[in-house]
Amino acid sequence: MFDFLKNRFISFIYPDKCVFCEEIITKNDSICTHCAQNVKISVSLRPLLEFGNGKVTKCMSPFKYTGKVRDAVCRFKFYGYKNYADFFSGIIAEEINKNILDIKFDFISAVPLSSKRQSQRGYNKSQWLAKALSGKLNIPYKETLVKIKDNFPQHELPLDQRMQNIKGVYRPKDKKIIKGKNILLCDDIITTGNTLKECVKMLKYSGAKNVVCCTIAHV
């Protein structure tokens with residue numbers, strides 16, 4: 001009885017809100033009826049030309065980075081809405097199961113933040129997403145890369161400077177766990193794809209067999 005009253009009190013003080021518009025919704029829902037009808041899945045299977053070898057990596061993204069989706073991703077990325085990881089990972093899991101049928105993944109990983117950036121934000125949004133996705137797909141989560149340089153945020157730079165900005169900022173955490181593995185790599189959004197391509201390059205140089213990328217949204 002105490003737990004029931006406690007949960008009712010918490011729900012009253014901190015009501016559940018729609019991921020996309022922040023309207024109050026029924027407990028255990030993630031989005032309101034209006035957003036469920038109007039925010040559409042727009043799956044992208046973007047081919048990423050890997051740096052250095054001419055091979056192509058897939059990147060699957062269920063949403064277009066615009067409107068309410070953009071607002072929701074920004075809240076997740078910059079303002080501590082870590083609970084959004086559960087909703088977005090559920091959508092990604094559904095689309096992975098529909099669209100990526102040719103690879104059995106050994107584990108899921110995430111694009112890392114520098115220690116300075118992670119300390120400032122308090123969490124790595126891509127890591128939260130990857131860990132939630134691990135639970136949805138029943139695939140282990142492992143950290144594979146370390147960010148060794150605190151470079152300028154990609155979204156703050158002109159497009160023509162982003163490729164150079166990302167070079168040499170990652171290294172493998174442990175090549176032994178990467179070699180010969182099929183890896184699903186998570187990030188929040190894909191714009192130019194340079195960040196993901198640099199991560200894929202390091203994973204492939206470390207012996208990864210296959211790497212597929214996934215993000216919440218695509219530009």
Side-chain angles (χ1 to χ4, degrees), residues 45-61 77 85 88-89 92-93 96-97 99-155 157 161-216 218:
L45 284 169
R46 184 183 299 187
L48 300 178
L49 186 64
E50 296 176 18
F51 289 146
N53 63 16
K55 294 182 179 180
V56 172
T57 292
K58 295 178 185 176
C59 181
M60 196 288 298
S61 313
K77 184 172 182 175
F88 285 130
S89 65
I92 292 172
I96 289 287
N97 286 330
N99 294 286
I100 310 295
L101 304 175
D102 56 337
I103 297 177
K104 180 177 174 59
F105 295 106
D106 294 293
F107 53 82
I108 297 173
S109 195
V111 173
L113 288 177
S114 67
S115 56
K116 177 182 178 182
R117 195 71 51 79
Q118 183 151 341
S119 177
Q120 289 172 340
R121 291 187 183 175
Y123 69 106
N124 177 354
K125 78 290 182 191
S126 299
Q127 185 183 73
W128 273 78
L129 183 67
K131 288 183 175 181
L133 185 59
S134 169
K136 296 290 192 307
L137 292 175
N138 196 28
I139 299 172
Y141 169 82
K142 292 185 180 181
E143 294 180 10
T144 54
L145 298 172
V146 177
K147 191 169 186 182
I148 57 176
K149 294 182 182 178
D150 188 37
N151 60 328
F152 285 106
Q154 290 286 84
H155 66 273
L157 294 174
Q161 295 180 23
R162 294 186 183 188
M163 183 182 295
Q164 188 62 38
N165 181 59
I166 204 68
K167 286 184 177 180
V169 303
Y170 302 107
R171 65 168 175 80
K173 186 171 184 178
D174 184 350
K175 290 184 179 180
K176 294 192 295 292
I177 68 169
I178 297 171
K179 187 175 181 179
K181 302 302 183 182
N182 295 323
I183 302 169
L184 180 60
L185 181 67
C186 291
D187 204 3
D188 51 358
I189 63 171
I190 178 170
T191 51
T192 62
N194 287 323
T195 296
L196 286 170
K197 287 192 284 186
E198 183 69 13
C199 289
V200 170
K201 181 181 77 173
M202 294 309 302
L203 291 171
K204 288 292 187 74
Y205 282 176
S206 300
K209 183 178 180 181
N210 291 293
V211 182
V212 173
C213 302
C214 64
T215 68
I216 298 168
H218 57 94

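Side-chain contact between Val111 and Lys147: absent, with no pair of heavy atoms (C-beta onward) separated by less than 4.5 Å. Under the 4.5 Å side-chain criterion, counting only non-hydrogen atoms from C-beta, Glu143 is in contact with Gln127. For the pair Leu196/Thr57, no side-chain contact is recorded, criterion being any heavy-atom separation below 4.5 Å from C-beta on. Residues Leu129 and Ile92 are in side-chain contact: their nearest non-hydrogen atoms beyond the backbone lie under 4.5 Å apart.
The 12-atom threshold is exceeded at CG of Asp102, counting heavy atoms of other residues, nucleotides or ligands nearer than 6.0 Å. Counting non-hydrogen atoms of other residues, nucleotides and ligands closer than 6.0 Å to NZ of Lys175 gives a total of 12 or fewer.
With respect to Ile190, the side chain to side chain contact (heavy atoms under 4.5 Å, CB included) criterion is satisfied by exactly one of Ile216, Leu48, Thr195: Leu48.
Heavy atoms only, all atoms of each residue included: Tyr170 and Cys199 are closest at CE1-SG, 3.6 Å. Taking all atoms of both residues into account, the shortest heavy-atom contact from Lys204 to Asn210 is CE-CA, 4.2 Å. Across all their heavy atoms, Pro172 and Ile178 have their closest contact at CB-CD1, 3.9 Å.
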Please assess Leu137 against Phe105 for the test side-chain contact (heavy atoms from CB on, under 4.5 Å), listing each intermediate value before the final yes or no. CA-CA 10 Å; Leu137 292 175; Phe105 295 106; 5.9 Å; no

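Between the side chain of Ser134 and the main chain of Ile139, a donor-acceptor pair closer than 3.5 Å is present.
For Asp188 and Ser126, the side-chain atoms include no donor-acceptor pair closer than 3.5 Å.
Distance SG/Cys213 to NZ/Lys58: 12.0 Å, rounded to 0.5 Å.
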